[in-house]
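Just so it is clear: chains get the letters A, B, ... in the order the sequence lines come, proteins before strands, and each one is counted from 1. Worth saying up front: this structure is predicted, and the values here are computed from it rather than measured.
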Number of protein chains: 2
Amino acid sequence: MDAAELLHKHNLKKTSPRVAIIEALQSAKSPMSEAEISKLMGNHYERTTFYRSAQTLEEAGLLHKIVVDKLQVRYALNVGRSLHTVRTAHAHFYCNSCHELICLEHIHPGPYRLPAGFQSQESEVIIKGLCDKCTL
Amino acid sequence: MDAAELLHKHNLKKTSPRVAIIEALQSAKSPMSEAEISKLMGNHYERTTFYRSAQTLEEAGLLHKIVVDKLQVRYALNVGRSLHTVRTAHAHFYCNSCHELICLEHIHPGPYRLPAGFQSQESEVIIKGLCDKCTL
DNA sequence: TCTACATTTGCAACATTGTTGCAATAACAT
DNA sequence: ATGTTATTGCAACAATGTTGCAAATGTAGA
Ligand SMILES: [Mn+2]
Ligand SMILES: [Mn+2]
Ligand SMILES: [Zn+2]
Ligand SMILES: [Zn+2]
């Protein structure tokens, strides 16, 4: 599914920055930071525009944001290059050595036994360690 | 256990900022941000000093840092006001309404089934929702 | 108690990520 | 093709954190 189609299906206007962001993310195998995406887009668009577009796309369910750490925020599409997969909540793996971030779609967080009166709405799991390329 | 004792036991020099940070955190019931801690200390110390002290204390195992989200980082002591509890990895709960952060020491993350070749070193679990005071 | 030395602090400058207001521009329904 | 509305670009600002370096401080040992 291409960018234009995705935007149309979600009732979002087809604008250049949005298309560029989607295409940048589709061309990557792993989630990217704003800086990486911007560079891939040739620094054509304002950072402001990126953040606003990312929020719109996130609200539309087209992408998700992963906060690895402060100063390490990455963005990933919820839809594959070809399929219309709506991804469910999943864990993420961050390699302490090569800093690659990987969506672990087979690991679903929870359920958790919360104290009485607590109500869970979302949860995030980040596993840090060494990826297959970095283990000796 | 008081601040001086804690620092001494961990071979750290007893300096005013460190003592103040420890006492600020001991006086709080939940993890605090740098801004909150600084305010509680009467804005006596440089932010730079806070970050360096926090890192030292973290490396010594005296405190842990929780990254709720970008622009929402909190710090908490690993030792209670009186006991010498060395806390193990645990999940955190963030209330989307009152923004309080709670250490859920009874919820231990993992173990996770990682893809072949992946090695886990640490993991973080943040559950977001409504706390007992904010559920209707 | 004093001294010397290594550690820590404070200050200034800078980096990164993200937000807000507002005018100019672009998208799209008609 | 035009009008209406959403979106963009720009500028300014905010929050959190980092680095280099000189001055101050803590502490071990004399
Ligand atoms: Mn993911
Ligand atoms: Mn905790
Ligand atoms: Zn790696
Ligand atoms: Zn609450």
Side-chain angles (χ1 to χ4, degrees), chain A residues 2-22 24 31-60 62-76 94 99 101, chain B residues 2-22 24 31-60 62-76 94 99 101:
Chain A
D2 73 341
E5 212 175 332
L6 280 175
L7 288 169
H8 190 75
K9 278 207 179 170
H10 288 80
N11 292 313
L12 298 174
K13 285 188 185 170
K14 178 199 165 209
T15 68
S16 329
R18 289 176 184 172
V19 170
I21 291 170
I22 291 174
M32 291 189 291
S33 65
E34 180 276 322
E36 290 166 329
I37 295 169
S38 178
K39 193 180 169 193
L40 224 164
M41 301 194 305
N43 296 107
H44 279 335
Y45 306 107
E46 273 295 305
R47 286 188 321 107
T48 313
T49 300
F50 171 86
Y51 291 117
R52 281 193 280 225
S53 300
Q55 195 182 334
T56 303
L57 296 176
E58 187 175 20
E59 280 164 7
L62 277 172
L63 64 74
H64 65 283
K65 198 166 83 175
I66 306 111
V67 179
V68 178
D69 210 333
K70 195 143 204 315
L71 310 190
Q72 286 289 335
V73 180
R74 312 263 176 108
Y75 302 83
Y94 177 77
H99 310 298
L101 184 68
Chain B
D2 73 342
E5 212 174 332
L6 280 175
L7 289 169
H8 190 75
K9 278 207 180 171
H10 289 80
N11 291 315
L12 298 174
K13 285 190 186 171
K14 178 199 166 208
T15 68
S16 328
R18 290 174 183 172
V19 170
I21 291 170
I22 291 174
M32 290 188 292
S33 66
E34 180 278 323
E36 290 167 328
I37 295 169
S38 178
K39 193 179 170 194
L40 224 164
M41 301 194 305
N43 296 108
H44 278 336
Y45 306 106
E46 273 295 303
R47 284 187 324 105
T48 313
T49 300
F50 171 85
Y51 291 116
R52 282 194 278 225
S53 301
Q55 194 182 335
T56 302
L57 296 176
E58 187 175 22
E59 280 164 9
L62 276 171
L63 63 73
H64 65 282
K65 197 166 83 175
I66 306 109
V67 179
V68 178
D69 210 332
K70 189 130 209 321
L71 310 188
Q72 286 288 333
V73 180
R74 311 265 175 106
Y75 302 83
Y94 177 76
H99 309 298
L101 183 68

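Interatomic distance, CG of A/L12 versus NE2 of A/H10, reported as 7.5 Å (0.5 Å rounding). Atom CD1 of B/I37 is separated from atom CZ of B/F50 by 4.0 Å, given to the nearest 0.5 angstrom. Atoms CG and CG, on A/D2 and A/L7 in that order, are 9.0 Å from each other to the nearest 0.5 Å. For the atom pair OH of B/Y45 and CZ of B/R52, the computed distance is 15.0 Å after rounding to the nearest 0.5 Å. With rounding to the nearest 0.5 angstrom, the CG atom of A/L40 is 11.5 Å from the CD1 atom of A/I21.
Between B/L7 atom CG and D/dT25 atom C1' there is a gap of 15 Å when expressed in whole angstrom units. One interatomic measurement links the two molecules: CD of A/E59 to P of D/dA6, which rounds to 14 Å at whole-angstrom precision. When rounded to the nearest whole Å, the span between CD of A/Q55 and P of C/dT17 equals 18 Å. Straight-line distance from the CD atom of B/E46 to the P atom of C/dG10: 7 Å, rounded to whole Å. D/dG17 atom P lies 11 Å from atom CD of B/E58, rounded to whole Å. As rounded to whole Å, 14 Å separates atom C1' of C/dT9 from atom CG of B/L57. Taking atom CZ of A/R18 as the reference point, atom P of C/dA26 lies 15 Å away to the nearest angstrom. Across the protein-nucleic acid pair, B/Y51 atom OH and C/dT16 atom P stand 16 Å apart, rounded to whole Å.
Distance from the side chain of B/Y45 is smallest for C/dG10 among the nucleotides C/dG18, D/dT16, C/dG10. Side chain of B/A35, nearest nucleotide from D/dG9, D/dG26, D/dT16: D/dT16.
Around atom CD of B/E58, more than 12 heavy atoms belonging to other residues, nucleotides or ligands sit under 6.0 Å away.
Evaluated for a side-chain contact (heavy atoms from CB on, under 4.5 Å) with A/L6, the options A/V19, A/I22, A/L57 yield exactly one hit, A/I22.
Within the 4.5 Å cutoff, side-chain heavy atoms of A/H99 are placed close to those of A/Y94. In this structure the side chain of A/V73 never reaches within 4.5 angstrom of the side chain of A/E34, judged on heavy atoms.
Remark on the helix from C/dT1-D/dA30 to C/dT30-D/dA1: inter-end axis angle 30°, axes from five-pair C1' superpositions, rounded to 10°.
A donor-acceptor distance shorter than 3.5 angstrom exists from the side chain of B/R18 to the backbone of B/K13, with no hydrogens or angles considered. Within the 3.5 Å criterion, the main-chain N or O of A/T49 finds a donor-acceptor partner in the side chain of A/S53.
Side-chain N/O atoms of A/S53 include one lying less than 4.0 angstrom from OP1 or OP2 on D/dT8.
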Between the protein and nucleotides 20-22 of chain D, are there any N/O to N/O pairs under 3.5 Å, and if so, what are the atom names and distances?
from: D/dG20; atom 1: O6; to: B/R52; atom 2: NH1; distance (Å): 3.4
from: D/dG20; atom 1: O6; to: B/R52; atom 2: NH2; distance (Å): 3.3

What nitrogen or oxygen pairs link the protein and nucleotides 28-30 of chain C at under 3.5 Å?
from: C/dC28; atom 1: OP1; to: A/K14; atom 2: N; distance (Å): 2.8

